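The next block holds one structure in the form of structure tokens; read it before the comments.
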Protein chains: 2
Amino acid sequence: MSIHPLEFLFKPKSIAIVGVSSNEADLSVGRCYVQALLESGFQGNLYPVNLNGGEIFGLRIYSSMREIPGTVDYVISVVPAKYALSLLGECIEKRVKSIHFYTAGFSEVGDEKGRQLEMEILKAAGDSGIRILGPNCMGIYCPASRLSFSRGLLNQPAFPKEAGTLALISQSGVNSIYCVRKAVTAGIYFSKVVSYGNAIDINETTLLEYLADDDETEIIAAYIEGIRDGRGFINALKKITSAKPVIICKPGYTEEGTKAVASHTSSIAGSNALWPYICTQTGAIQADDVDEMIEIASLFQLVSVAGGRNVVIFGTGGGPTVKATDDLACFGFKLPPVSSESKARLKQLYSSEAGNIFSNPLDLFPVQHMEDLVDALAHIAADSEVDIMMLQVAFDAWAMIEKNFAVEFFVDTAIQLKTRINKPLLAVLHYVETENASEIAHVQRRKLVSAGIPVFTSMQTVARAMDKIIRYQKHCYRH
Amino acid sequence: MSIHPLEFLFKPKSIAIVGVSSNEADLSVGRCYVQALLESGFQGNLYPVNLNGGEIFGLRIYSSMREIPGTVDYVISVVPAKYALSLLGECIEKRVKSIHFYTAGFSEVGDEKGRQLEMEILKAAGDSGIRILGPNCMGIYCPASRLSFSRGLLNQPAFPKEAGTLALISQSGVNSIYCVRKAVTAGIYFSKVVSYGNAIDINETTLLEYLADDDETEIIAAYIEGIRDGRGFINALKKITSAKPVIICKPGYTEEGTKAVASHTSSIAGSNALWPYICTQTGAIQADDVDEMIEIASLFQLVSVAGGRNVVIFGTGGGPTVKATDDLACFGFKLPPVSSESKARLKQLYSSEAGNIFSNPLDLFPVQHMEDLVDALAHIAADSEVDIMMLQVAFDAWAMIEKNFAVEFFVDTAIQLKTRINKPLLAVLHYVETENASEIAHVQRRKLVSAGIPVFTSMQTVARAMDKIIRYQKHCYRH
């Protein structure tokens with residue numbers, strides 16, 4: 001059985017990083033790539049390369065590709081664009097399987113020179129079999145094979161070593177990092193992340209086709225600025241979507257955005273009027289932005305939104321609850337009434353109705369015995385009319401009574417409730433971005449996420465994401 | 001000249017707080033109101049009242065309204081709903097000018113009893129001249145007269161003593177607090193804030209009419225769940241809007257939201273199909289949520305968006321910049337090209353084009369001498385084709401090179417640029433909500449806000465708000 005040519009991209013046995021200075025003080029990208037791979041625990045051979053030789057982190061720096069003793073599966077190039085062609089020649093000679101050009105300064109600059117250089121690279125690669133990633137991108141993060149383009153920074157840990165089942169392809173390097181960081185806060189981990197930039201060889205279609213057959217990948221998220229081979233892409237999408245959800249964020253849907261896309265990754269944003277149609281036809285899920293892309297992925301992973309649209313909101317904070325109700329209704333969700341029996345159970349827990357609202361959305365004060373409230377909510381959740389339970393806490397919006405314990409109370413209530421019900425349970429933490437509120441939010445979000453409860457900062461966000469998932473499931477059912 | 005009846009609400013010489021326990025351990029709302037007024041530095045007479053008498057914070061607690069020696073302009077009642085009517089009788093006897101019922105448990109509960117009680121209160125007030133605020137609300141925050149319903153909490157300071165020119169009326173107490181806190185982070189201060197709940201007497205129209213003539217108020221923000229007197233309200237709006245912008249957030253535009261509104265403040269959300277039409281006709285600005293309400297207000301206060309729609313984006317972070325371009329274009333803004341002369345100036349600052357984008361949106365690395373970049377940007381801003389300068393920094397999205405200094409670099413660049421140009425300058429800080437990013441964001445936001453640069457967390461938010469302001473200005477011009 002022949003090995004898939006992209007296998008060397010995700011599971012190389014040896015990597016050369018070309019353009020690595022031996023100067024300790026030099027915080028250049030080449031050194032960072034070496035460090036990222038060492039920190040990540042890459043087990044294969046690492047060959048730093050620089051014309052001047054030397055040593056780095058105890059590794060010998062080779063003065064050329066030729067000098068490297070063994071075979072090289074994967075090359076990371078951080079040399080300036082003008083040296084790309086000669087490096088490629090050396091790599092082909094060395095029978096390298098794949099090369100990633102990190103460096104920018106190609107067609108995205110917008111002059112003829114850059115585009116010409118890309119053409120020459122493709123021509124030089126010819127039928128040598130070498131596959132090219134980039135240029136103008138971060139490359140590969142694949143925790144299972146300890147490949148990473150992230151190292152621990154001052155206040156920010158490196159990407160996790162833990163693997164998951166979400167794959168991400170992104171033309172933008174910044175967005176790929178943004179998505180990983182956001183996913184981590186949501187408790188979501190990755191099978192593969194590919195930042196693929198100008199995509200002169202390996203492109204969105206190549207990657208989608210590979211991920212379709214990848215056993216480690218269950219969900220695919222894609223930030224795509226332009227599509228090279230429209231028909232191939234649509235065919236690839238059609239084949240995948242009923243087996244694995246594909247969530248796509250594609251900017252450049254305005255004339256101005258189209259220009260920005262060209263300057264960024266030299267992509268042609270294409271006929272954007274067609275884009276929603278393509279998604280509908282292929283079953284791809286269209287995300288409005290990268291935030292939503294990760295939010296939808298996290299919903300897929302953490303809860304099974306079974307298709308029912310009846311939501312019960314519980315928590316605290318009057319005004320925000322009213323808005324939350326509108327947001328849900330706008331996306332086709334219903335708030336079924338709480339049964340009179342459930343209402344009676346709730347009323348028993350409170351001495352007075354004043355300040356509490358016992359209809360859906362439930363706006364409640366904390367009670368003395370949390371278990372009693374959990375019982376009452378579990379009873380509500382058991383109602384056949386209820387599909388989804390939603391915690392909403394609006395906090396940092398108390399001005400007189402020290403009431404931040406209420407956030408914790410309701411978060412803990414939700415975590416207990418989660419073990420008692422088998423319907424989706426989600427949470428919205430709604431707050432002003434003050435220092436105080438941010439701190440509370442980080443702590444409580446972590447608790448909820450650890451308990452398997454996805455957390456959002458607005459009801460609009462979660463309603464929009466749930467709606468898209470339910471529509472996707474209908475698409476799968478039809479096919 | 002007669003005194004406006006609401007004057008006693010905002011500038012009382014004496015306040016009685018009824019329902020104040022003398023028990024130190026009792027953290028009830030009555031004590032909190034007394035504490036809030038003391039902390040705020042209220043200069044008039046304060047009379048705590050409780051049947052059992054006693055003392056609180058060195059103040060005598062009177063056992064009834066009758067016992068209070070002097071006149072009382074304003075009463076804050078935290079007694080349960082069932083005692084409301086007898087207290088009102090005592091207040092009328094004492095010739096109190098206005099009474100605020102904090103307590104919930106009236107018509108918003110949804111049974112006949114609560115509605116009946118409200119009718120009886122109105123009937124008892126009759127032609128006594130006493131004005132009623134609430135019930136089911138927080139009351140008044142008016143920094144100029146040191147009235148406040150906020151006290152310093154564990155991790156959250158009390159509302160500022162500093163006064164501004166934004167007035168806020170809000171049917172929801174939580175939303176009123178939320179708006180004040182959000183405004184503070186944006187450097188915006190208030191003339192008057194009124195949380196007015198069920199609005200049985202003083203309602204949105206009463207308040208709008210008062211604020212229209214209030215010299216301390218330049219901008220009005222309103223969170224309104226239901227309108228009592230449609231015609232009166234529309235007439236009041238029509239009169240105000242060309243003199244003072246009125247920004248309104250009105251939830252309950254879905255069937256489900258309408259029900260939530262009824263449970264919350266017993267309001268009838270009314271015919272929501274008419275709502276956008278009412279705003280267009282009266283020149284009121286419709287905000288999608290309370291966040292946007294405050295964002296629009298802050299834009300009005302901090303910058304003069306003069307009507308031109310040509311925006312130059314500068315900063316760092318490729319992918320997010322592309323999205324930002326789409327967001328601006330969606331709301332009718334343009335990104336004019338950077339002149340070849342300006343482009344040449346920029347290029348001089350960098351050894352290579354690789355990784356930088358010198359067309360609009362400008363995606364740049366920091367340079368060695370900040371002043372050079374400030375010069376180049378000032379040159380761009382001077383172009384007659386440019387109306388608005390917009391900093392966008394996507395941060396916490398670096399994975400290899402310690403680059404958070406870039407956030408600070410661009411924030412400082414913007415602050416310097418602000419002193420050099422006389423066109424609107426705004427900022428978008430875009431980040432994943434990690435601990436690290438939140439900390440950076442809080443510090444950098446404060447710096448920008450102090451320099452008079454409004455800060456947003458997404459381009460979509462600021463584009464939407466700017467568009468609404470420009471439309472409002474066109475409305476004023478027509479009238």
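All figures in this text were calculated on a predicted structure; none of them were measured in a lab. Here is how names work: the chains are called A, B, and so on, in the same order as the sequence lines, proteins then strands, and each is numbered from 1.
- Taking every heavy atom of both residues into account, A:G226 and A:Q171 meet most closely at N-OE1, 3.0 Å.
- Among A:I224, A:N175, A:I177, the one residue that satisfies the side-chain contact (heavy atoms from CB on, under 4.5 Å) test with A:S170 is A:N175.
- Put simply, the side chain of A:D289 reaches to within 4.5 Å of the side chain of A:E292, judged on heavy atoms.
- Between A:F101 and A:F106, the two ring planes are tilted [angle within 30° to 60°].
- In plain terms, the two heavy atoms of A:E39 and A:A158 that are nearest each other are OE1-CB, 4.2 Å.
- Looking at B:T185, the atoms closer than 4.5 Å to chain A (heavy atoms on both sides) all sit in the side chain, from C-beta outward.
- Counting heavy-atom pairs closer than 4.5 Å to chain B, the top residue among A:H430, A:Q460, A:E108 is A:H430.
- When each of B:L154, B:T103, B:N136 is scored by its heavy-atom pairs under 4.5 Å with chain A, the top score falls to B:L154.
- Residue contact with chain A, scored on non-hydrogen atoms closer than 4.5 Å, involves the backbone and the side chain of B:E433 alike.
- Under a cut-off of 6.0 angstrom, the local environment of CZ in A:F405 is crowded, with over 12 non-hydrogen atoms contributed by other residues, nucleotides or ligands.
- Atom CE of B:M138 is separated from atom CD1 of B:I76 by 10.0 Å, given to the nearest 0.5 angstrom.
- Ring centroids of B:Y102 and B:Y33 are separated by less than 6.0 Å, placing the two rings close together.
- Interface residue A:S263: backbone and side-chain heavy atoms are both found under 4.5 Å from chain B.
- Chain B forms the most heavy-atom pairs under 4.5 Å with one residue out of A:P80, A:C179, A:A437, A:A329, and that residue is A:A329.
- With respect to chain B, the highest number of heavy-atom pairs below 4.5 Å among A:Y141, A:Y223, A:F358, A:F159 belongs to A:Y223.
- Here CG of A:L335 is found 11.0 Å from CD of B:E255. Values are rounded to the nearest 0.5 Å.
- At a 4.5 Å heavy-atom cutoff, the contact between A:D291 and chain B is made by side-chain atoms alone.
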What verdict does the side-chain contact (heavy atoms from CB on, under 4.5 Å) test give for B:E256 and A:L328, after you've listed the backbone C-alpha separation in whole Å, the side-chain angles of each residue and the deciding distance to 0.1 Å? CA-CA 9 Å; B:E256 310 277 326; A:L328 280 171; over 6 Å; no
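- Contact annotation for B:S359: only side-chain heavy atoms (C-beta onward) come within less than 4.5 Å of a heavy atom of chain A.
- The candidate from B:A324, B:C330, B:G105, B:S150 with the greatest count of non-hydrogen atom pairs under 4.5 Å with chain A is B:S150.
- Using a 4.5 Å cut-off between heavy atoms, A:P320 contacts chain B through both its backbone and its side chain.
- Between chain B and the residues A:N436, A:I440, A:I313, the most heavy-atom pairs under 4.5 angstrom are made by A:N436.
- Between chain B and the residues A:V174, A:D326, A:I357, the most heavy-atom pairs under 4.5 angstrom are made by A:D326.
- Looking at A:D111, there are no atoms closer than 4.5 Å to chain B (heavy atoms on both sides), in backbone or side chain.
- The candidate with the highest count of non-hydrogen atom pairs below 4.5 Å against chain B, out of A:A399, A:S172, A:A104, is A:A399.
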